[in-house]
Amino acid sequence: MDKNFITVTSPLLPDLDEFHEMLREIWDRKWVTNNGDFHKRFEAALCEYLKVPYISVFTNGTLPLITALQALNISGEVITTPYSFVATTHSLWWNGIKPVFVDIDPATGGIDPDRIESAITPRTTAIMPVHVYGKPCRTREIQEIADKYGLRVIYDAAHAFGIEVDGKSILTEGDMSTLSFHGTKVFGTTEGGALVVQDEKTKKRIDYLKNFGFAGETEVVAPGINGKMDEMRAAFGLLNLQQVDAAIEARHQVAIRYREALRPIEGIDFWDDMPGVRHNYGYFPIFVDAGKYGMTRDELYFKLREHGILARRYFYPLISDFSTYRGLPSATRENLPNATRMADTVICLPIHHELTPTDQQRVLDVVMKKR
Ligand SMILES: *Cc1c(COP(=O)(O)O)cnc(C)c1O
């Protein structure tokens, strides 16, 4: 990557010498995967940091979604959002489940609880919402509907690392929540992910499922998969946990600067922090009103590129517009007006722990039409 390019994010990397020391330990132990020492320590440290009762780490953030659906025996139809990364819906498809798209609430970007009930059919078994950009969904209303109809709730919380509402982790909402530790996320292990569950029995079942279903040397209790995280990445994650708070605070400072500079700009909209919420500033989405701003979203996006600023249009296109899902009855633009509008107007500006004031100004100059 050209040193002059400004990327939308940058991976959180541990100190190389400290990482090397941990690699030395792995080499000495000659235990590289299958619930090793670092794996156990990483899970314990994550439970403490995230304030969750049980967690099972995985080799990426997609397998926890697929495994959660397996563990809860989800079938038939699942209500979900089209405004997300495509893995959310793919996890349903890989389980032979029919996705039913419901529009989003423009105030949060998450699924609109007011539209869920009318999408429920006798085949509906679960709801899979996404805390998109780490903004908490309307979890209480979602749970009320789930309880009323006997549905499971699995949150794709890939963006929601460390998010708390009134001091309580958002990851304890619903039946299960999944995390992604991909290099583009606020907290990463290169590739990696996790499944947060609420009781020990379920944790045990998940641990079997991510290891082919093995419950002992010769006993296979379920048709499991290989979702195990190795020792190298568990060590990487342990080190990153020590610096993630500083990284989040550095991102917070970028968000403060962006908001201050962009507030007076006609036709550029963005979100402020929600009261009582601890955010992680993983993304800084802005929404372009072409009429007021005098430029379309795509015109601004390509102008940023011309200036070496690699912003991203997360989440455009909508998942419901991809060829696999386009033909579904719920995939129409008429059914998804808010999601369609958001996908057509969004740009995520560069935000990460190492974005310098000079680079922040370069981004702002283009959006503020100073360049
Ligand atoms: C990143 C992401 C995933 C997938 O995580 P991987 O670790 O890349 O497999 C799933 N859902 C959402 C919303 C994501 O952003």
Side-chain angles (χ1 to χ4, degrees), residues 1 6-14 19 42-43 45-47 49-52 55-68 81 83-88 90-91 109-110 129-137 154-164 169-171 176-196 227 229-230 232-252 254-255 277-285 310-315 319 346 348-355:
M1 184 62 64
I6 300 177
T7 50
V8 72
T9 189
S10 178
L12 190 59
L13 296 169
F19 188 49
F42 187 35
E43 287 190 346
L46 279 169
C47 279
Y49 180 88
L50 296 169
K51 304 183 187 169
V52 298
I55 199 165
S56 186
V57 293
F58 278 73
T59 192
N60 62 47
T62 300
L63 283 165
L65 286 165
I66 291 172
T67 306
T81 168
Y83 194 78
S84 179
F85 181 61
V86 72
T88 312
H90 281 351
S91 72
V130 180
H131 302 297
V132 70
Y133 310 128
K135 273 180 86 72
C137 290
I154 300 163
Y155 282 100
D156 180 340
H159 302 173
F161 187 88
I163 303 292
E164 294 174 11
S169 172
I170 192 92
L171 302 172
M176 299 184 185
S177 292
T178 68
L179 288 166
S180 166
F181 304 152
H182 186 255
T184 55
K185 309 300 207 260
V186 170
F187 172 86
T189 58
T190 69
E191 294 275 357
L195 186 47
V196 173
M229 176 180 276
D230 61 76
M232 279 68 80
R233 286 191 262 164
F236 192 103
L238 273 168
L239 291 174
N240 265 352
L241 261 188
Q242 296 170 14
Q243 55 171 354
V244 69
D245 280 340
I248 289 172
E249 184 46 33
R251 287 170 171 272
H252 185 189
V254 179
V277 175
R278 183 206 186 218
H279 292 279
N280 67 19
Y281 310 97
Y283 303 84
F284 194 88
L310 307 180
R312 297 296 301 268
R313 289 167 289 182
Y314 300 137
F315 287 96
I319 300 174
V346 70
C348 285
L349 296 183
I351 188 166
H352 57 79
H353 61 293
E354 290 172 329
L355 194 67

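The residues of the chain are indexed from 1 along the displayed sequence.
- Using a 4.5 Å heavy-atom cutoff, the side chains of Val57 and Phe42 are in contact.
- Enclosure of atom CZ in Arg312 is not indicated, since only 12 or fewer non-hydrogen atoms of other residues, nucleotides or ligands lie within 6.0 angstrom.
- Residues His131 and Ile170 are in side-chain contact: their nearest non-hydrogen atoms beyond the backbone lie under 4.5 Å apart.
- Ring-centre distance between Tyr49 and Phe161: below the 6.0 Å cut-off.
- Scanning both residues, Leu12 and Ala247, for their nearest heavy atoms gives CD1-CB, 3.8 Å.
- No close placement of the Phe187 and His353 rings is indicated, their centers lying 6.0 Å or farther apart.
- Looking at Val132 and Thr81, their side chains never come closer than 4.5 Å, going by heavy atoms from C-beta outward.
- Between the side chains of Ser180 and His182, no donor N or O sits under 3.5 Å from an acceptor N or O.
- Here the CG-CG distance, from Leu13 to Leu239, works out to 11.0 Å after rounding to the nearest 0.5 Å.
- Val254 places none of its side-chain heavy atoms less than 4.5 Å from the side chain of Phe284.
- In this structure, Leu179 CG and Leu46 CG are separated by 8.0 Å, a value rounded to the nearest 0.5 Å.
- Atom-to-atom distance recorded for Met176:CE and Thr67:OG1 is 9.5 Å, nearest 0.5 angstrom.
- Using the six-membered ring where Trp is involved, Tyr133 and Tyr83 have ring planes that are perpendicular, over 60° apart on the 30 and 60° scheme.
- Salt bridge annotation for Asp245-Arg278: present, with a cationic side-chain nitrogen under 4.0 angstrom from a carboxylate oxygen.
- Rounded to the nearest 0.5 angstrom, Leu195 CG and Ser177 OG are separated by 8.5 Å.
- The minimum heavy-atom distance between Ser84 and Val130, with the atom names listed, is OG-CG2, 3.6 Å.
- Tyr314 has its side chain out of reach of Val346: every pair of non-hydrogen atoms, C-beta onward, lies at least 4.5 Å apart.
- In terms of heavy-atom proximity, Thr189 sits nearest to Met229 at OG1-CE, 3.6 Å.
- The minimum heavy-atom distance linking Ile351 with Gly282 is given by the pair CG2-O, 3.8 Å.
- When side chains are defined from C-beta on, Ile6 does not count as touching Leu310, because their heavy atoms never get closer than 4.5 Å.
- How far CG of Leu65 is from OG1 of Thr62: 6.5 Å, rounded to the nearest 0.5 Å.
- Of all heavy-atom pairs between Pro14 and Asn240, the closest is N-OD1, 3.4 Å.
- Side chains of Ile163 and Pro136 form a contact here, defined as non-hydrogen atoms less than 4.5 Å apart.
- Side-chain contact between Glu43 and Ser56 is present, with heavy atoms from C-beta onward closer than 4.5 Å.
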Practice task
Show your reasoning for whether side chain to side chain donor-acceptor pair (under 3.5 Å) applies to Arg251 and Thr9.
Solution key: CA-CA 10 Å; Arg251 287 170 171 272; Thr9 189; 3.3 Å; yes
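- The line from CD of Glu249 to CG of Asn280 is 12.5 Å long, rounded to the nearest 0.5 Å.
- Side-chain contact of Arg233 with Thr59: a donor-acceptor pair under 3.5 Å is present, judged by distance alone.
- Residues Pro129 and Ile154 approach most closely at CD-O, 3.2 Å, considering heavy atoms.
- The main-chain N or O of Tyr281 is never found under 3.5 Å from a side-chain atom of His279 such that the two would form a donor-acceptor pair.
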